Amino acid sequence: MKHVKTKKITKLIVDAEKKAHKETKGDIEPAFAAPVKWPVDCVVGPGLEGAIACESKIGYVNGSKGELIYQGYNIFDLCAYSTFEEVSYLLLHGNLPTKPQLSSFNEKLIEYRNIPNTIGTLMGFPIRTMSAMAALRAGTNFMRYECTYADSPDYIPDRSKIISADEDSIPMETIPMGEEHAIYEFKKGVKESKDAGLDLHPPEGYPACYHLISGVSSVAGAVARIRQGFLPIAFDPELSHAANLIYMITGKKPTPVEERVMDVALILHADHGMNASTFATMVVASTLSDIYLAMGSGIAALSGPLHGGANEEVLKMLEEIGSVSNVASWYKHARAKKKKIMGFGHRVYRAYDPRARVLGPLAEHLVNEGGDAQAKTMLSIAKALEKEVISTLGAKKGIFPNVDFYSGIVYSCLGIPPDFFTPIFAVSRAAGWTARVMEYLKHNRIFRPRAMYVGSFDRKYKQSAGKDKKLKKK
Ligand code: SDX
């Protein structure tokens, strides 16, 4: 029987969905949700805005309507009734798991959460003085070394299921031929590594994705503990992914409500179209670099404040404002300085980010149920600031709260240190990163856009007049 208190969370999500339906109009955007015949025409802005990079069934972000879909399911539905484990399986395999599929997937996640060699290697590094995201990225590289035979001298990657244009062997200016499959195939056949008998696994394929989704949470937990001056805590095999994450970071086993809120937060962050970190991961994977190294580039991209660290900045911003009575003057000053308000705006959403529609009420629920005076103040400032921004930039510029505006308050209520907000984002997005890589590799083509050359031509090299005469040609 669902814990009574967590049923309140479900109701809060269902109410958020009703509010979204009432407030937003708009339909599916035909320009971004229909099969394509390559090559496609698209209007592309700076930063590849509007560019179509590939076809995908994994997720769809409806920017005008403020809607998020994972493999055909609406995000509100998944938050209200599913779990991060189920959603990870859904993103990777295209369907929600049956009971047997879920239990075998869970068994693997539990088994793969155990990475003592990786954690041991990690502890030999100055984790306490490294950025949390740099430590997380290092952890994925150590996982690659300790858990896979990628570095085994006689390992030949299994690319029999991937076919890919080998750019070096075809003219670089190949006109996209709309090929379902690229022209060249790597040689078939795999020589098992001599270590294959150990419990090592290949650094590619679905087992590697499961290892990464599970192991990166253990790395995050270990890094969090070391940075707080403690030893890492071993996961509890009885706990869910969300509960273990809180436990391994804070050392405290969460209440059912805390576990449920973290589970919903992990579902909300799991995938989001071709965002910068997902695209970075796919670009690296498209060269047939392995998924561990590819995910390291996703972590790197996510560490930038325009993408991942905004929720930490939001808390600092709310502290700087200090009280509800200061909101109007602070905001006026910020606008005068053309400051970007952290936690607002989005490259794709021109409507309220559906994830913020869930995280806002979750933050309110946690603060009202048990938040201290500071948390209550933060929340009231946030709600007042939200009103100011929406009234001035909402309809006019399509600037609304995004996923980062309330997530910091939620994580603070769960006892997560602010420098761990973004690693949690990465722990969740590991599902979307790996799922999109696996999907793309089925019809792989190395990402290679063009730049518009606006430089000069025909400049001639000549010895500069001031050069030493002796050097002049006789
Ligand atoms: C995430 O892509 C994804 O899906 C990312 C993400 C995911 O799940 O992977 O959703 C996660 O990255 C959430 C965003 C977290 N970052 C922030 O909250 C930082 C603050 N937001 C901005 O930096 C900005 O909104 C971006 C980076 C998120 C989007 O910027 P764009 O699309 O490049 O927009 P822009 O910078 O070109 O701005 C367009 C206009 C500008 O005004 P004008 O120059 O046209 O007059 O909108 C204004 C901007 O000044 N604007 C803002 C604003 N964001 C855009 N003005 C005030 N505050 C803001 N936050």
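Just the heavy atoms: all of them, side chains too, but no hydrogens, waters or symmetry mates, feed the values below. Atoms within each ligand, like the ligands themselves, are counted from 1 in listed order. Just so it is clear, the structure is predicted and the values come from calculations on it, not from any experiment.
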Review point. Can V324 and K383 be said to form a side chain to side chain contact (heavy atoms under 4.5 Å, CB included), step by step?
Key: CA-CA 9 Å; V324 173; K383 290 164 80 71; over 6 Å; no
Practice item. Go through the steps for H93 and Y206 under the test ring-ring contact (aromatic ring centres under 6.0 Å, His included), then give the verdict. Key: CA-CA 9 Å; H93 298 293; Y206 284 105; 4.6 Å; yes
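- In the vicinity of G345, heavy-atom distances shorter than 4.0 Å reach the ligand 1 atoms 25 (O), 28 (C).
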Exercise for review: Could you walk me through whether H272 and H307 pass ring-ring contact (aromatic ring centres under 6.0 Å, His included), step by step?
Suggested key: CA-CA 12 Å; H272 209 246; H307 185 19; 9.2 Å; no
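- The closest approach between any non-hydrogen atom of F425 and ligand 1 is below 4.0 Å.
- Short contacts between ligand 1 and R429, defined as distances under 4.0 Å to a heavy atom of the residue, involve ligand atoms 7 (C), 8 (O), 9 (O).
- Distance alone, capped at 3.5 Å, places no donor-acceptor pair between the E369 side chain and the H365 backbone.
- For atom 26 (C) of ligand 1, the nearest protein heavy atom lies 4.0 Å or farther away.
- Considering backbone and side-chain N/O atoms, I341 comes within less than 3.5 Å of an N/O atom of ligand 1.
- Taking the six-membered ring for Trp and thresholds of 30 and 60 degrees, Y352 and F400 have ring planes inclined between 30 and 60 degrees apart.
- Taking atom 6 (C) of ligand 1 as the reference point, the nearest protein heavy-atom neighbour is H346 NE2, 3.7 Å.
- Aromatic ring centres of F235 and Y247 lie farther apart than the 6.0 Å criterion allows.
- Near N275, meaning under 4.0 Å from one of its heavy atoms, ligand 1 places the atoms 2 (O), 3 (C), 4 (O), 5 (C), 9 (O).
- The part of D404 lying near ligand 1 is the side chain, judged by heavy-atom distances below 4.0 Å.
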Under 3.5 Å, which donor-acceptor pairs do the side chains of residues 60-79 form with other protein atoms, sequence neighbours left out?
{"unit_1": "Y60", "atom_1": "OH", "unit_2": "E29", "atom_2": "N", "d": "2.9"}
{"unit_1": "Y60", "atom_1": "OH", "unit_2": "E29", "atom_2": "OE1", "d": "2.7"}
{"unit_1": "N62", "atom_1": "OD1", "unit_2": "S64", "atom_2": "N", "d": "3.3"}
{"unit_1": "N62", "atom_1": "OD1", "unit_2": "S64", "atom_2": "OG", "d": "3.1"}
{"unit_1": "N62", "atom_1": "OD1", "unit_2": "K65", "atom_2": "N", "d": "2.9"}
{"unit_1": "N62", "atom_1": "ND2", "unit_2": "D27", "atom_2": "O", "d": "3.0"}
{"unit_1": "S64", "atom_1": "OG", "unit_2": "E29", "atom_2": "OE2", "d": "3.4"}
{"unit_1": "Y70", "atom_1": "OH", "unit_2": "I267", "atom_2": "O", "d": "2.8"}
{"unit_1": "Y70", "atom_1": "OH", "unit_2": "L268", "atom_2": "O", "d": "3.3"}
{"unit_1": "Y70", "atom_1": "OH", "unit_2": "A270", "atom_2": "N", "d": "3.4"}
{"unit_1": "Y70", "atom_1": "OH", "unit_2": "D271", "atom_2": "N", "d": "3.2"}
{"unit_1": "Y70", "atom_1": "OH", "unit_2": "D271", "atom_2": "O", "d": "3.3"}
{"unit_1": "Q71", "atom_1": "NE2", "unit_2": "L90", "atom_2": "O", "d": "3.4"}
{"unit_1": "Q71", "atom_1": "NE2", "unit_2": "L91", "atom_2": "O", "d": "3.1"}
{"unit_1": "N74", "atom_1": "OD1", "unit_2": "F76", "atom_2": "N", "d": "2.9"}

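- Those atoms of ligand 1 that come under 4.0 Å of a heavy atom in G343, given as number and element, are 17 (C), 18 (O).
- Salt-bridge check for K19 with E23: passed, with a basic side-chain N closer than 4.0 Å to an acidic carboxylate O.
- Counting atoms of ligand 1 from 1 in the listed order, those under 4.0 Å from a heavy atom of K397 are 42 (O), 43 (P), 45 (O), 46 (O).
- Relative orientation of the F125 and F142 rings is tilted, given thresholds of 30° and 60° on the angle between their planes.
- Between Y292 and H201, the ring planes lie tilted relative to each other; the angle falls in the 30° to 60° range.
- Not a single protein heavy atom sits closer than 4.0 Å to atom 34 (O) of ligand 1.
- Environment of NZ in K376: crowded, with over 12 heavy atoms of neighbouring residues, nucleotides or ligands closer than 6.0 Å.
- Shortest contact from atom 32 (O) of ligand 1 to any protein heavy atom: R347 NE, 2.9 Å.
- Of the candidates H269, K396, M274, R355, R355 brings a heavy atom nearest to atom 8 (O) of ligand 1.
- If you check the side chains of R448 and S286, you find no donor sitting under 3.5 Å from an acceptor.
- Using a 4.0 Å heavy-atom cutoff, E49 is absent from the residues neighbouring ligand 1.
- The aromatic rings of Y411 and H269 are tilted relative to each other, their planes meeting at an angle between 30° and 60°.
- Looking at ligand 1, you'll find an N or O of F344 within less than 3.5 Å of one of its N or O atoms.
- Given atom 4 (O) of ligand 1, the protein heavy atom at minimum distance is H272 ND1, 2.6 Å.
- Residue L306 places at least one N or O, backbone or side chain, under 3.5 Å from an N or O of ligand 1.
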Review point. What do the steps show when you test T281 against R429 for side chain to side chain donor-acceptor pair (under 3.5 Å), and what is the final call?
Key: CA-CA 11 Å; T281 306; R429 191 56 57 91; over 6 Å; no
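- Using a 4.0 Å heavy-atom cutoff, K338 is absent from the residues neighbouring ligand 1.
- Counting protein heavy atoms under 4.0 angstrom from atom 39 (C) of ligand 1 gives zero.
- For atom 50 (O) of ligand 1, the nearest protein heavy atom is under 4.0 Å away.
- Distances from atom 53 (C) of ligand 1 to the heavy atoms of K340, M342, R350 put K340 nearest.
- Within a 4.0 Å radius of atom 30 (O) of ligand 1, the protein contributes no non-hydrogen atoms.
- Against a heavy-atom cut-off of under 4.0 Å, K339 is close to the following atoms of ligand 1: 57 (C).
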Point to revise | Derivation and outcome, side chain to side chain donor-acceptor pair (under 3.5 Å), residues S329 and N326 | key: CA-CA 6 Å; S329 57; N326 290 342; 4.8 Å; no
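- At a heavy-atom cutoff of 4.0 Å, ligand 1 is contacted by the side chain of N402 but not by its backbone.
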Practice item. Evaluate the criterion side chain to side chain contact (heavy atoms under 4.5 Å, CB included) for residue pair L385 and M317; output intermediate values, then yes/no. Key: CA-CA 10 Å; L385 182 60; M317 173 179 76; 3.5 Å; yes
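- The A310 neighbourhood of ligand 1 comprises atoms 15 (C), 16 (N), 17 (C), 18 (O), with distances under 4.0 Å to a heavy atom of that residue.
- Under the 4.0 angstrom criterion, atom 44 (O) of ligand 1 counts as lacking any protein heavy-atom contact.
- Of all protein heavy atoms, the one closest to atom 1 (C) of ligand 1 is H307 O, 3.2 Å.
- Heavy-atom proximity to I399, at under 4.0 Å, picks out these atoms of ligand 1: 47 (O), 48 (C), 51 (N), 52 (C), 53 (C), 54 (N), 55 (C), 56 (N).
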